[in-house]
Protein chains: 2
Amino acid sequence: MTRRVTSFDVAARAGVSQSAVSRVFSGASASKATSDKVREAAEALGYRPNVLARSLITGRSRIIGMVVAYLGNPFYPDALERFSRVFQDEGYHTLVFTLPEGAGDTDTDRIIQQMLDHQVDGIVLASVGLGDALAARCEAAGIPVVLFNRGQAGSGLAQVTSANRLGGAKVAEFLVAGGHRRIGHVAGWQGSSTGRDRTEGFVARLAELGQEAVGIEDGRYDHAEAVRATDVLVARGVDALFVGNDHMAFAVMDHLRSALGLKIPGDVSVVGYDDVPMAGFAAYDLTTVRQPVGRMVKATVAALVNQIEDKSAQAEVTEIDGPLILRGSARIPEGLA
Amino acid sequence: MTRRVTSFDVAARAGVSQSAVSRVFSGASASKATSDKVREAAEALGYRPNVLARSLITGRSRIIGMVVAYLGNPFYPDALERFSRVFQDEGYHTLVFTLPEGAGDTDTDRIIQQMLDHQVDGIVLASVGLGDALAARCEAAGIPVVLFNRGQAGSGLAQVTSANRLGGAKVAEFLVAGGHRRIGHVAGWQGSSTGRDRTEGFVARLAELGQEAVGIEDGRYDHAEAVRATDVLVARGVDALFVGNDHMAFAVMDHLRSALGLKIPGDVSVVGYDDVPMAGFAAYDLTTVRQPVGRMVKATVAALVNQIEDKSAQAEVTEIDGPLILRGSARIPEGLA
DNA sequence: TTGAAAGCGGTACCAG
DNA sequence: CTGGTACCGCTTTCAA
């Protein structure tokens, strides 16, 4: 293990000052002649600037802290993968923290603390709430935070979601147009903005169409809960089910078919939300609402980078709109889909 | 945004030297009196040591670089989650890199380079090969590498896998004991040690039991390929299928049922490998081989930390053994399961 | 044990 | 544009 090559080594070999080397690699002004000499020497020596030293003085680490909670829901690995890639393209790197199952404020606190210790330039919280105290700490430290796929009213935090209310409304339209008159709803966790918004949009549009849900049960984004909710709704004789997210929807369809012996579609139509990769399976050929994950991720990154680079930038609340595509095996109404 | 509190501030307030503060926080020798004064002052000021500065001088960042390739396969998000947690417990943090679909050596090269730039203390490659040149670079930089869930013969790299050969053999026993005589195999990618080993163990034990597979097709860990392979094998009249991993197995079962209209079990039994969370679905109540993910992760972390802390430690090849549990909906032989 | 001082490897401001 | 120099915040000898 040979000693690290430093900018001094490069300077010596190139016959310039160490400052010159620094300028060349930090993109500051330098004549072409100097630049060439330096690059050549660096190349020969295998020199790479020390990121730590740079961060120490500039005060920016080019590292983003990312907190993910539900990696069991295929939506998040997908998002994580995109994040890491997009950040990389922007010259940032991703320090990942996962939150235990029943994590409390203490856990979140510790994690945030660790991020601050590492001088992250920004934080992405994927479906994780942030206590007001912590938000304040981040603000005091001057670290931008963006909430991904979850809003927090009045938090003053930047947040990116998709048009969940609109999505919920579309599902209502879809099912009603499909001739369903006994529609049930296995809701996403009502403690989350995402869950609430979808439900709200759904219920509101249903009412506009002169209908009311046969029943609404909170599935809490949990398989077992979703199954329980399904049983309740099936007992009330639903002919269609709107499930708060695909992860639950798979379990629900599975339960309907295997345990309850119902046909989908036929006995009951099911519509999910998220369009996670698994939706490709034939047996789970779910009618679903596509979330524009790609654009959500890009918007999140943009919002973060924006705040990092321009400290005066406002924390904005972004709602990604767009063609929420419905498709799949539910009884498809004419003119829709 | 107030200026960061430094060890000097704490020193001033505690009435000691800055060195004293440093010692207290780096666990070096200090009298109880000093220690108390310092801690109190630190507490009052909200002081936290600057990780970057510390890393710069110590040469250890306490950051692990982790490269993941197939986040689409539920096995990996699960592993990632465990890694991040176990590393956290050990006082390390996880910098995540994802590899694009058809990533070549260039991509891996760039990623490794970035890790080196960040002075990671160690690298975990989850199912990603590492070119010899790159391995050499890591070695030169004195950075330990551990291959997770994939071996690379003669690489001299530390690697952790489970007993894949044994697992494959157990599947052979299981299916034969279940009375199957026309067994097919949708293999895991034969370019991977994991895939090869499972297949080898399977084939060898089958031979010992006086049987031969009706057919072996490489599924390449890909849905479409697995489905294609399934068609081929079904055409040959298989009554049982061993699929190289659960991710493919779900697609295979799905195809068998939905497209081909076969009953599982009944027309054909299916055994997968990995025991990813989805296996809990009733319709996909897959008979599967459980990989001891938890222990694999712990072993990987241990191997890495070991090499980091004791530079003279050997890069070991670990094969996690243990009760590979078979279960699920396949035709279950007496005395097994 | 303790404090003073020398770095770790860069960046940024300075005068030239 | 260039080189000299202070400094980022901490760890680590070294004497005292």
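These numbers come from the heavy atoms of this one structure, side chains and all, not from hydrogens, waters or symmetry mates. Below, read A as the first sequence line, B as the second, and so on, with proteins coming before strands; counting in each chain starts at 1.
The side-chain contact (heavy atoms from CB on, under 4.5 Å) test applied to A:Gln113 returns A:Leu116, A:Asp117, A:Arg137, B:Arg48, not counting sequence neighbours. Residues passing the side chain to side chain donor-acceptor pair (under 3.5 Å) test with A:Tyr221 are A:Ser192, sequence neighbours excluded. For A:Arg23, there are no salt bridge (charged side-chain N to carboxylate O under 4.0 Å, His left out) partners two or more places apart in sequence or in a different chain.
Side-chain atoms of A:Gln119 and B:Arg4 form a donor-acceptor pair, as typed in the model, at a separation below 3.5 Å. Side chains of B:Ser162 and B:Gln291: a donor-acceptor N/O pair is present below 3.5 angstrom, by distance only.
Under the salt bridge (charged side-chain N to carboxylate O under 4.0 Å, His left out) criterion, the residue pairs touching residues 51-78 of chain A are A:Asp78-A:Arg82, with sequence neighbours excluded. Residue pairs meeting the salt bridge (charged side-chain N to carboxylate O under 4.0 Å, His left out) criterion with at least one member in residues 8-21 of chain B, sequence neighbours excluded: B:Arg3-B:Asp9. For residues 36-46 of chain B, the pairs satisfying salt bridge (charged side-chain N to carboxylate O under 4.0 Å, His left out) are B:Lys32-B:Asp36, with sequence neighbours left out.
Using a 30° and 60° split on the angle between ring planes, A:Tyr76 and A:Tyr70 fall in the tilted class, from 30° to 60°. Ring orientation note: the planes of B:His93 and A:Phe97 are tilted relative to one another, at an angle of 30° to 60°.
Closest approach of B:Glu81 and A:Leu99 over heavy atoms only: OE2-O, 4.5 Å. Between B:Val305 and B:Tyr92, the closest heavy-atom pair is CG2-CE1, 3.9 Å. Scanning all heavy atoms of the two residues, the minimum distance from A:Ser55 to B:Leu52 falls at CB-CD2, 3.3 Å. Of all non-hydrogen atoms in B:Gly65 and B:Met115, the two that sit nearest each other are CA-SD, 3.5 Å.
Counting 5' to 3', DNA chain C first comes under 4.0 angstrom of a heavy atom of chain B and last does so at the ends given by C:dT1 to C:dG9.
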> With the sugar-phosphate defined as primed atoms, P, OP1 and OP2, and the base as all remaining atoms, what B/S/- string results for nucleotides 11-16 of chain D, 5' to 3', for protein heavy atoms under 4.0 Å?
Replying inline: BBB---
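The residue A:Arg60 sits apart from the nucleic acid: no heavy atom pair falls under 4.0 Å.
Contacts between residues 31-40 of chain B and DNA chain C, counted as heavy-atom distances below 4.0 Å, involve B:Ser31, B:Thr34. Using a 4.0 Å cutoff on non-hydrogen atoms, no part of residues 116-123 of chain B comes near DNA chain D.
Helix-axis bend for the helix from C:dT1-D:dA16 to C:dG16-D:dC1: the local axis fitted to the five terminal pairs at one end deviates from that at the other end by 40°, rounded to 10°.
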Using residues 14-21 of chain B as the side-chain source, report each donor-acceptor pair under 3.5 Å to any protein atom, sequence neighbours left out, with the distance given to one decimal.
unit_1, atom_1, unit_2, atom_2, d
B:Ser17, OG, B:Ser19, N, 3.4
B:Ser17, OG, B:Ala20, N, 3.2
B:Gln18, NE2, B:Ser7, OG, 3.2

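Between the CG atom of B:Leu52 and the C1' atom of D:dC10 there is a distance of 11 Å, rounded to whole Å.
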